[in-house]
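Scroll down for the structure; my scribbles are underneath it.
Numbers here are sequence positions counted from 1. Atoms within each ligand, like the ligands themselves, are counted from 1 in listed order. Because the structure is predicted, anything quoted here is derived from the model rather than measured.
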Amino acid sequence: MGLDDIKRRIYAAEAAAGRAKGSVELIAVSKVQPAERVEAVLAEGQRIFGENYVQEAQAKWPEWRSRFDGVKLHMIGPLQSNKAKLAVGMFDAIHTLDRMSLARKLATAIETLDRAADLFVQVNTGDEPQKAGILPEELSGFLEQVRALNLKPQGLMCIPPESEDPVPHFRMLKKLAEAEGLEKLSMGMSADFETAIAEGATHIRVGSAIFGARDYSAKH
Ligand SMILES: *Cc1c(COP(=O)(O)O)cnc(C)c1O
């Protein structure tokens, strides 16, 4: 547990996969975590954080950004279209582009605010009805429509089904990205980030292994 330990495990996984040290970007997922835990990790030098809820992020991060230089925020949760503009104003990357209505709102917000955001398309690799994401067989057509809006997605993101071996999902995401000429792969969480690194993740989203378990009942 803790940031140092996670970093050591990332370096070891990079080395084991023959990948350069530091080639994997660690997104520390701070959703729902108490302020003192996040501040401790900021004090240790971590600057890239992930949040799931626009309003929660908006309540917490302006103050931390004024105290700590160089913070980058990644939106990793489902994004409502009516929050697209707020999200573009606050986040440096959005991992959950999953429908055209959202793509259109993001395109407008990016143009209006004149602010870039790295975009990842979420892919529903497990074809789970309750889960967000573009189905693998619909990805090509979706990307074509998104690019027609002048958006340039840079990568793909997935959340494998909870009860399954994540490896086939990570491999599918990598294959899809290669076929589409996308370089970034957002995959791997606390339970499987080393596996994801072995399979080519460029961005891992790690929450509880850094901060400890989330207590949703306390809700900061
Ligand atoms: C909460 C969350 C994470 C972090 O999960 P942990 O298991 O705590 O590492 C990663 N990705 C997404 C999309 C999440 O919602």
Item to check | F49 ring center within less than 6.0 Å of W61 ring center | outcome: yes
Taking distance alone, no hydrogens or angles, what donor-acceptor pairs closer than 3.5 Å link side-chain atoms of residues 83-94 to residues at least two apart or in another chain?
| residue | atom | partner | partner atom | Å |
| --- | --- | --- | --- | --- |
| K83 | NZ | Q80 | OE1 | 2.9 |
| D92 | OD2 | R65 | NH2 | 2.9 |
| D92 | OD2 | L73 | N | 2.8 |

Checklist entry - Mind checking what makes side chain to side chain donor-acceptor pair (under 3.5 Å) contact with H95, not counting sequence neighbours? => result H74, S186
Checklist outcome for this item: Sorted by chain and residue number, the side chain to side chain donor-acceptor pair (under 3.5 Å) partners of D118 (sequence neighbours excluded) come out as K184
Checklist entry - With a 4.0 Å cut-off, would you call E194 and R9 a salt bridge? => result yes
Checklist entry - At a 4.0 angstrom heavy-atom cut-off, what protein residues surround ligand 1? => result V29, K31, N52, I76, M157, I159, M189, S190, R205, V206, G207, S208, R214
Item to check | Residue pair I159, R205: steps toward the side-chain contact (heavy atoms from CB on, under 4.5 Å) verdict | outcome: CA-CA 10 Å; I159 309 170; R205 311 178 306 266; 3.7 Å; yes
